[in-house]
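For reference, the structure discussed in these notes is given below.
First the proteins, then the strands, lettered A, B, ... as listed; each starts at 1.
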There are 2 protein chains.
Amino acid sequence: MSELRQPAPANDRETATHRDDKLELRLWLRLLTCSNLIEQNVRGALRLQFDTTLPRFDLLAQLDRAPDGLTMSELSARMMVSNGNITGLADRLVEEGLVKRTPSQRDRRSSHISLTPAGKKAFDAMTPVHESWVDRMMAGLSRQDMQQLFQLLGKLKQSVHQNAVDADQGEKK
Amino acid sequence: MSELRQPAPANDRETATHRDDKLELRLWLRLLTCSNLIEQNVRGALRLQFDTTLPRFDLLAQLDRAPDGLTMSELSARMMVSNGNITGLADRLVEEGLVKRTPSQRDRRSSHISLTPAGKKAFDAMTPVHESWVDRMMAGLSRQDMQQLFQLLGKLKQSVHQNAVDADQGEKK
DNA sequence: CGATATTATTTTAAGTATAAAATAAATTCC
DNA sequence: GGAATTTATTTTATACTTAAAATAATATCG
């Protein structure tokens, strides 16, 4: 019903949508707008302040949370990107000396990727700053807003998982 | 095994986050997860059913909403991608015959991009199916959930705009 | 008018991303 | 044990994406 008007012109994808479009579609477009907006801010700030990229930071963050390292497949699943993508990304980070590969003893197909001391150090320098950017961008939301949003997004996540459009859907031989 | 099996362990980025992390960060990661999840579903479905890509579909959708066509800059702003990106994307769609360029009379630097009849036809075939995918993915949310989520994301969007990290921030000559 | 700045777009170089095929190692199942 | 399958990863080809530099046209201002 009563819709909050934006203060800025904001000529983006979802603002251009007609107001009587389907709610689901408008919601998806707004979600995408928010995601892109934050992502681009973080990307730009990472470049300016640390001369690095979001995928690299993301990979380091995954490894920081997994002190024993991760396999390529685990990284691929957590970062939600293709496995081939991880190969190249990891290669670049190995070259930069921030990450190392350790061949697995139990399975000669796979290797564990983990932070080098330099990688740990670099990540530790970036993460509090990164966190402050995110805090700042969300400063307009109350604690309660954030909790509610978090909860609703949890519901959405579950819904998407359950109603996925792709591949192994519907058919089960 | 029961039909009501849980939809996979979900070993993604934000599930791996510790539960006592900052709320802002968890919110951002969950937002990103939702966005990626939907995006990847749509991308895969577009390829399977229409042999096209999300950026192409997105560009066609922008043009469909703007019957008089758009300039490269307008497309860039609405799609939230770099201007150089639009150049290549539009080139490919022109080659496919879905889009045409008309040099602007008033400004020899710019051209208007618009749908060809073939482009309009292709888009009209895709959009209801696309909408049904989105509806389906959000089927787990009630009408009220969606309205609330939409409203909270509006607040978030505004907050990010107001507290942007990048470029012309803080300094103002 | 003419210098300077701004705006619209393209080009360039490098990085990121995907899907699909290829490779190779482990697992399963006669 | 060995064939067939599955799993982990890399390679390939192509598309997408960005930032920054280049180009070119328009606008501004003294």
Side-chain angles (χ1 to χ4, degrees), chain A residues 11 35-36 39-60 69-96 101-113 166-168 173, chain B residues 11 32 35-36 39-59 69-96 101-113 166-168 173:
Chain A
N11 199 23
S35 182
N36 283 342
E39 201 171 309
Q40 279 169 24
N41 269 279
V42 172
R43 186 206 317 290
L46 276 174
R47 165 181 308 281
L48 282 176
Q49 304 236 345
F50 298 112
D51 191 31
T52 191
T53 66
L54 190 49
R56 287 170 206 220
F57 176 74
D58 196 3
L59 198 152
L60 296 182
L70 294 168
T71 64
M72 302 302 268
S73 300
E74 286 168 334
L75 276 170
S76 168
R78 293 194 187 187
M79 294 175 64
M80 305 177 87
V81 298
S82 66
N83 42 8
N85 189 2
I86 299 292
T87 300
L89 205 46
D91 285 350
R92 275 169 237 127
L93 285 166
V94 166
E95 226 168 285
E96 288 186 63
R101 296 172 110 116
T102 321
S104 167
Q105 241 62 24
R106 318 200 281 96
D107 188 336
R108 271 179 300 172
R109 288 170 303 181
S110 61
S111 56
H112 283 256
I113 313 295
D166 59 13
D168 52 310
K173 284 274 152 139
Chain B
N11 198 23
L32 189 56
S35 182
N36 283 343
E39 202 172 310
Q40 279 169 23
N41 270 277
V42 172
R43 187 203 317 287
L46 276 175
R47 187 170 36 73
L48 281 176
Q49 305 235 348
F50 299 111
D51 191 31
T52 191
T53 66
L54 190 49
R56 288 170 205 220
F57 175 74
D58 196 4
L59 197 152
L70 294 169
T71 64
M72 302 302 268
S73 300
E74 286 167 336
L75 276 169
S76 168
R78 294 195 187 186
M79 295 176 63
M80 305 177 88
V81 298
S82 67
N83 42 7
N85 189 1
I86 299 292
T87 299
L89 206 44
D91 285 351
R92 274 168 238 129
L93 286 168
V94 167
E95 225 169 287
E96 288 186 64
R101 297 172 109 116
T102 321
S104 168
Q105 241 62 23
R106 317 199 282 97
D107 190 335
R108 271 180 300 173
R109 288 169 304 180
S110 60
S111 54
H112 283 257
I113 313 294
D166 57 13
D168 52 310
K173 283 258 157 149

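Residues B/P55 and B/M79 come closest through the heavy atom pair O-CE, 3.7 Å. The shortest non-hydrogen separation linking B/R92 to B/R56 is CD-NH2, 3.4 Å. A pairwise comparison of heavy atoms in B/S35 and A/S35 identifies OG-OG, 3.4 Å as the closest pair.
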Side chains of residues 42-50 of chain A: which donor-acceptor partners sit under 3.5 Å, not counting sequence neighbours?
none

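Helix-axis bend for the helix from C/dC1-D/dG30 to C/dC30-D/dG1: the local axis fitted to the five terminal pairs at one end deviates from that at the other end by 20°, rounded to 10°.
Whole-Å rounding puts the B/D91 CG to D/dT17 P distance at 14 Å. As a whole-Å value, the separation of A/E96 CD from C/dA14 P is 15 Å. Distance CG (B/L70) to P (C/dA8): 14 Å, rounded to an integer number of Å. When rounded to the nearest whole Å, the span between CZ of B/F57 and P of D/dC16 equals 15 Å. Rounded to whole Å, the distance from CZ on A/R106 to P on D/dT7 is 16 Å. One interatomic measurement links the two molecules: CG of B/L75 to C1' of C/dT10, which rounds to 15 Å at whole-angstrom precision. Atom CZ in A/R101 sits about 12 Å away from atom C1' in D/dA8, given to the nearest Å. We find that CD of B/E74 is positioned 15 Å from P of C/dT7, with the value rounded to whole Å.
Looking at heavy atoms from C-beta onward, A/S104 lies in side-chain contact with A/H112 at the 4.5 angstrom threshold. The closest side-chain heavy-atom distance from A/D91 to A/R101 is below 4.5 Å.
When heavy atoms are screened at a 4.0 angstrom cut-off, B/T87 is found touching base atoms of the nucleic acid. A/S111 comes within contact range of the sugar-phosphate backbone alone, with a heavy-atom separation under 4.0 Å but no base atom that close.
In this structure, B/S73 does not reach the C/dT7 phosphate: none of its side-chain N or O atoms is under 4.0 Å from OP1 or OP2.
Interatomic distance, B/S76 OG to B/N85 CG, rounded to the nearest 0.5 Å: 8.0 Å. Taken from CG in B/L59 to CD1 in B/I113, the straight-line distance is 8.0 Å, to the nearest 0.5 Å.
Listed for the A/T71 side chain is no donor-acceptor partner under 3.5 Å among the backbone atoms of A/S111.
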- Indicate for each nucleotide in nucleotides 15-25 of chain C, in 5' to 3' sequence, whether protein heavy atoms under 4.0 Å reach the base (B), only the sugar-phosphate (S), or nothing (-). SBSBSS---BB

